[in-house]
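The next block holds one structure in the form of structure tokens; read it before the comments.
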Amino acid sequence: MTDVDRYGPWAVVLGGSEGVGASFAQQLADDGFDLVLVARRPDTLADAAARVRELGADVRTLSLDLTDPGAVDSLIDATADLEVGLLICNAGANSYGRHFLDGELDGFQGVIDLNITTPLALAHHYGRLMRERGRGGIVFVGSLAGYLGSARESIYGAAKAFTRIFAEGLWLELRGYGVDVVELVLGVTRTPAMERAGLDFDLPGLNVGEPDDIAREGLAHLADGPVWVAGGNDRIVEIRSRTDRAKLVLASHEAMRRLMPEK
Ligand SMILES: NC(=O)c1ccc[n+]([C@@H]2O[C@H](COP(=O)([O-])OP(=O)(O)OC[C@H]3O[C@@H](n4cnc5c(N)ncnc54)[C@H](OP(=O)(O)O)[C@@H]3O)[C@@H](O)[C@H]2O)c1
């Protein structure tokens, strides 16, 4: 159960319309939180909002692209009258999978903005208010990809590595102020976005997380930052953190090719 007195009354969930984000929203609504849900597609967003309203939550939805330059100001304006005690930066799957030299910089910039620029600006805004109040929480949804370079995901993986290290520093800075910071590291998770991307969840030996389980684990460990590895993937993180980088990167590359064949 997530403590609404410590992390509420309002939670902002970036990418709260489906997958792990929608699971966060439902579980928080169950625990008495009110919610601001952000995503691009209005229909999916409205469906997610209806589900949490049924649980008794007050809900605001914002249909916007978090990579748009005005997105941060729009969200800040839309929440100016709310006490936001929990910020969950969940939206962030790789939106531009290309070999670096075959892609355009604008496309890669979108990955950086979704995973770094916008979450940083929002953590800066809501984090200051949380620090003043002496309570709150900030979650960055990370990835095992943030521990090792991958072809077609070099920018995505680097962005996830960035937020993980950033989360550690912010955790340290806010430790004395009652504000919890955690990078929640996900492995392969059965989200609609990954289903649409054609991920083969049935590969033998693959550890696949379910969105409800991952969200539950993340909420249970809000105070166990700076990094929480979800879904029992600690061993993979240990392996990916070794120093024999070429061997590790090549082995992971082979595994990725089986998981997500190049189209
Ligand atoms: N699924 C996995 O296997 C896996 C593995 C490791 C890490 N993760 C991490 O887990 C998080 C969630 O991933 P996911 O698989 O659910 O995919 P996702 O594409 O991040 O989608 C999650 C939510 O974000 C919204 N969203 C995506 N791009 C957006 C944008 N530009 N502006 C506003 N909202 C946006 C989506 O709604 P709209 O599409 O309507 O905008 C949806 O509500 C990500 O940070 C991802 O990196 C996932």
Side-chain angles (χ1 to χ4, degrees), residues 12-26 35-49 51-52 61-72 74-75 87-97 107 109-119 122 139-148 150 153 155-164 167 182-201 203 206-215 217-218 227-231 233 236-237 240 252 255-256 259-260:
V12 170
V13 186
L14 309 182
S17 65
E18 62 177 25
V20 182
S23 297
F24 275 127
Q26 288 197 26
L35 289 147
V36 180
L37 305 181
V38 184
R40 289 165 301 182
R41 287 164 298 153
D43 295 356
T44 324
L45 195 54
D47 290 348
R51 286 195 296 275
V52 288
T61 57
L62 261 95
S63 169
L64 49 81
D65 188 330
L66 287 160
T67 67
D68 282 347
V72 169
S74 301
L75 181 51
L87 170 66
I88 301 184
C89 302
N90 169 68
N94 193 16
S95 53
Y96 196 70
Q109 190 62 48
V111 179
I112 293 170
D113 290 343
L114 185 60
N115 279 287
I116 299 179
T117 318
T118 296
L122 295 173
V139 180
F140 300 99
V141 175
S143 171
L144 291 178
Y147 286 88
L148 172 148
S150 311
E153 291 202 341
I155 306 302
Y156 170 72
K160 294 299 191 186
F162 178 100
T163 54
R164 178 164 52 84
V182 66
E183 167 97 356
L184 180 68
V185 177
L186 270 57
V188 174
T189 309
R190 199 187 311 273
T191 61
M194 286 306 107
E195 277 167 357
R196 288 192 295 272
L199 215 104
D200 183 359
F201 294 111
L203 268 185
L206 187 65
N207 176 22
V208 180
E210 300 298 334
D212 282 348
D213 298 337
I214 299 299
E217 187 178 346
V227 177
W228 185 265
V229 179
N233 288 311
I236 296 183
V237 163
R240 290 186 171 203
S252 161
M256 282 300 289
L259 182 65
M260 206 183 273

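Remember, it's a predicted structure, so these values are computed and weren't measured experimentally. Each ligand, and each atom within it, is numbered from 1 in the order the structure gives.
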Closest approach of [X] and [Y], non-hydrogen atoms and distance?
| X | Y | answer |
| --- | --- | --- |
| D212 | S23 | OD1-OG, 2.6 Å |
| Y156 | A145 | CE2-CB, 3.7 Å |
| A230 | L184 | CB-CD1, 4.0 Å |
| T61 | A49 | CG2-CB, 3.5 Å |
| L64 | S74 | CD2-CB, 3.7 Å |
| L114 | G92 | CD2-CA, 3.6 Å |

For [atom], closest protein heavy-atom neighbour:
| atom | answer |
| --- | --- |
| atom 27 (C) of ligand 1 | R40 NH2, 3.4 Å |
| atom 31 (N) of ligand 1 | D65 OD1, 2.9 Å |
| atom 18 (P) of ligand 1 | A93 CB, 3.6 Å |
| atom 45 (O) of ligand 1 | N90 O, 2.6 Å |
| atom 14 (P) of ligand 1 | T191 OG1, 3.6 Å |
| atom 5 (C) of ligand 1 | G187 O, 3.1 Å |
| atom 10 (O) of ligand 1 | V141 CG1, 3.3 Å |
| atom 47 (O) of ligand 1 | Y156 OH, 2.7 Å |

**Report entry** From R190, E195, M194 - option closest to atom 1 (N) of ligand 1 by heavy atom
**Finding:** M194
Query raised in the report: Between the candidates G16, S23, G15, G231, which shows the shortest non-hydrogen contact distance to atom 25 (C) of ligand 1?
Result: G15
Distance from [X] atom [atom1] to [Y] atom [atom2], nearest 0.5 Å?
| X | Y | atom1 | atom2 | answer |
| --- | --- | --- | --- | --- |
| S17 | N90 | OG | CG | 9.0 Å |
| E195 | T189 | CD | OG1 | 11.5 Å |
| N115 | N94 | CG | CG | 8.0 Å |
| F140 | K160 | CZ | NZ | 10.5 Å |
| N207 | F201 | CG | CZ | 12.0 Å |

**Report entry** For ligand 1, the portion of K160 having any non-hydrogen atom under 4.0 Å away
**Finding:**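 Answer for K160: side chain.
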Please indicate whether any nitrogen or oxygen in [X] is less than 3.5 Å from any nitrogen or oxygen in ligand 1.
| X | answer |
| --- | --- |
| L66 | yes |
| V20 | no |
| S143 | no |
| S17 | yes |
| G92 | yes |
| N115 | no |
| T67 | no |

**Report entry** For F162, ring-ring contact (aromatic ring centres under 6.0 Å, His included) partners two or more places apart
**Finding:** none
With heavy-atom distances below 4.0 Å as the criterion, list the atoms of ligand 1 near [X].
| X | answer |
| --- | --- |
| L114 | 28 (N), 30 (C), 31 (N) |
| A91 | 20 (O), 24 (O), 25 (C), 26 (N), 35 (C), 45 (O) |
| A193 | 14 (P), 15 (O), 17 (O), 19 (O) |
| E18 | 42 (C), 43 (O) |
| V188 | 3 (O) |
| L64 | 32 (N), 33 (C) |

Report task. Have a look at E18 and tell me which of R190, R196, R51 forms a salt bridge (charged side-chain N to carboxylate O under 4.0 Å, His left out) with it. Result -> R196
Query - Within-4.5 Å side-chain heavy-atom neighbours: L206 and V188 - result: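 In contact.
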Query raised in the report: Does the side chain of L14 come within less than 4.5 Å of L75's, by heavy atoms?
Result: yes
Consider ligand 1: state whether an atom of it lies below 4.0 angstrom from any non-hydrogen atom of [X].
| X | value |
| --- | --- |
| T44 | no |
| V185 | no |
| G142 | yes |

Report task. Output, in order, the C-alpha distance, side-chain angles, deciding distance and verdict of side-chain contact (heavy atoms from CB on, under 4.5 Å) for V185 and L144. Result -> CA-CA 6 Å; V185 177; L144 291 178; 3.9 Å; yes
